[in-house]
Amino acid sequence: MGDLRRTKYCGELSVKDAGSRVVLMGWVNRHRDFGDLIFIDLRDRTGIVQVVCESGGSREAFERAKRVKPEYVLAVVGTCQKRAPGKENPNMATGEVEVIASEIRILNAAKTPPFPIRDEAEADETLRLKYRYLDLRRLPMQRNLELRHKASMVIRNYLSSRGFWEIETPMMTRSTPEGARDYLVPSRLEPGKFYALAQSPQLFKQLLMVSGIDRYFQLARCFRDEDLRADRQPEFTQIDIEMSFVDEEMIFELVEGMVRALWKEVLGVELATPFPRITYREAIARYGSDKPDTRFGMEIRDITDVVKNSNFGVFRDTAASGGTVSAICVPGYAKATRHELDSLSLRAKALGAKGLVFISYLSGEVRSAVKKYLSEAEMTGIKDATGAKEGDLVVIAAGPIDLTVSVLGRIRLDLGARLGLIPEGRYNFLWVTQFPLLARNQETGEWEAAHHPFTSPVLEDIEGQDFSDEAKARIRARSYDLVLNGVELASGSIRIHRRDLQEKVFSLLGLSPEEAREKFGFLLDAFEYGAPPHGGIAFGLDRFVMMMAGASTIRDVIAFPKTARAACLLTDAPSRVREEQLRELGISVTKDKALVSGENSDQNDR
RNA sequence: GGAGGCGUGGUGUAGCUGGUCUAACAUACGUGCCUGUCACGCACGAGAUCGCGGGUUCGAAUCCCGUCGCCUCCGCCA
């Protein structure tokens, strides 16, 4: 670029710059060659501006413009000019002006890209990931990265202004038995031993509270070796927060302030606080989900009492065996075709329900396969309980409570989306509180901590000595999730800081003092030296930014994401390593595993 | 671990109830023409054997089996 220095970004030019000399640096987005007149759309991260070269103008600039191709890197010297009347382009942010080139330097040529660098027309994601650096040239992707940067800055500034210190904690740490599968890092100095990449800074942030740090936060990279989803990557970023001498209300107030600041400063949207709250039990009962989407109604209604004595065997038996008969009312869907109802039933069965019962409130006629079994009073009872009106469809499921409401909850979401009942452009934040403290592991049948083993129970729930399974299931935790439009954004709890309470919880988990010591010894040690009451929360930053950007996958707000098989298509990670590296670590790869991975990764071989 | 979807010139798609498919369309690419375009236009040209392997068949992009990759969901993971 020689002695040239950029004076303006492409997207910044406006009529205010008319008449002034500008120096631009950027990529050729498109060029239109009319023989004696050439237009070049020059692009940088701020936007695109039109550069004009005429054969009657600078000869050298014109000759260079002739040779230009898409994605060439140029320096353009010229005069910004208001476009002639009728020549403006209202579809372009800089469409009122253009730059008459007096000098063009080709700073670098470029091969024809493997896919067009355009805002719209998305290429196959495999290609986009392989050539991520080209994909990221697209303005919408740059907007996402910019949004993410701004969000991080707002968060840092907000938390700092509230007295929080950003402190880094180890990424290489000790493997703990709880939670997700660990990514392991072999130790060279102690062959056979391993570090684990941190799943979260959980234990360290609690130790910092013991240290008297009082208020800590970190934008922390976390690693979990579990299967991926549209909103899950093997490495992701948490906004991790912990503070001392707090209760739930103080955490809620802090977080609401942070989210308000984010929405205002990044999106220009004013949010109402405090956010609504709902207990876990109520969320499950009303929405069949612990992360309800409250942007639309169609809540679940329990109609067990209405039909428990009916002549319909399924309802009667379910009620008698302690199950539930529950229903949702789908507005305006009485006209659903037989086929549509069948596919709903199929979906319900796939989710584990026995089936569905429908009641259609057509004009002047109520249609249902179970009408003949139900009394007038029972039919009226159902209509009243569900609030069904003419034109509505009532969907009923019967069975064990947990399963039944969760199936109805899914059906509710499916139908809400399919029938367009979910309003766009709304941000329904919701606190879900008091999750169960314990949950049964599906495979082993053992009781485990639902959140993590240092979560404080609601004290009144663990008074007394009744530790039956039923009593265990009823113990509530002082935990909370922040939900936005049905997506879980954050999760946290008030922690246990007293030894007697911790021991009680360990015993509920079936952990002997010796086992507890072996697993969490260093934390328990620390807690004996004066741990303050404390609590915190952790946000999924990627999901947060995804919601703000209106993206449908977390990958669109991560610069270099991995595929569903946790591979990086750009660098071809994971890759094999040299035999020598393994030997140094005292590691040998089992034959059967190596064979499989060898066949899968032939591209890695060179 | 399971279920489903997709894989065709550089890119995006059509074809896929087997045979004029000797693979079509758009766009990008190359050459030429054009002084007001902004998805510039026009003309000409080059470019894929249909992810890979096997099978059925006289004949396979098309049917079957296997396999690889990408995506979505369940399990898993907060």
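Every chain is numbered from 1, with letters handed out A, B, ... down the list of sequences.
As a whole-Å value, the separation of R30(A) CZ from A39(B) P is 7 Å. Atom CD1 of I554(A) and atom C1' of U72(B) are 15 Å apart (whole Å). Here the P atom of nucleotide A78(B) and the CD atom of Q233(A) are 16 Å apart, to the nearest Å. Look at CZ on R229(A): it is 13 Å from P on C71(B), rounded to the nearest Å. Rounding to whole angstrom units, NZ of residue K562(A) and P of C71(B) are separated by 13 Å. Put simply, CG on D124(A) is 10 Å from C1' on G69(B), counting in whole angstrom units. Atom CG of L346(A) and atom P of G4(B) are 13 Å apart (whole Å). Taking atom CG of L489(A) as the reference point, atom P of A78(B) lies 17 Å away to the nearest angstrom.
Using a 4.0 Å heavy-atom distance criterion, R555(A) is classed as a sugar-phosphate-only contact. Across all strands, Q238(A) comes closer than 4.0 Å to no nucleic acid atom at all (heavy-atom distances). If you check every strand for non-hydrogen atoms under 4.0 Å, R32(A) touches a base. Counting non-hydrogen atoms under 4.0 angstrom, Q50(A) reaches a base of the nucleic acid.
Separation of atoms OH (Y280(A)) and OG1 (T433(A)) is listed at 12.0 Å; rounding is to 0.5 Å.
By the 5.5 Å and 30° criteria, F39(A) is stacked with the base of U37(B).
The aromatic rings of F520(A) and F506(A) lie parallel to each other, their planes meeting at an angle below 30°, with 60° marking the opposite boundary.
A salt bridge is absent between R412(A) and D293(A); no separation between the charged side-chain nitrogens and carboxylate oxygens falls under 4.0 Å.
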Exercise. Any chance you could lay out the side chain to side chain contact (heavy atoms under 4.5 Å, CB included) test for M243(A) and I251(A), step after step, and finish with the verdict?
Key: CA-CA 8 Å; M243(A) 57 200 296; I251(A) 302 262; 4.1 Å; yes

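Remark on RNA chain B: of its neighbouring residues Q81(A) and F115(A), the 5'-side contact belongs to F115(A), judged by nearest-heavy-atom nucleotide. Where T112(A) and V52(A) each meet RNA chain B at their nearest nucleotide, the meeting point lying more 5' is that of T112(A).
W431(A) and E256(A) share a donor-acceptor pair across their side chains, judged by distance under 3.5 Å alone.
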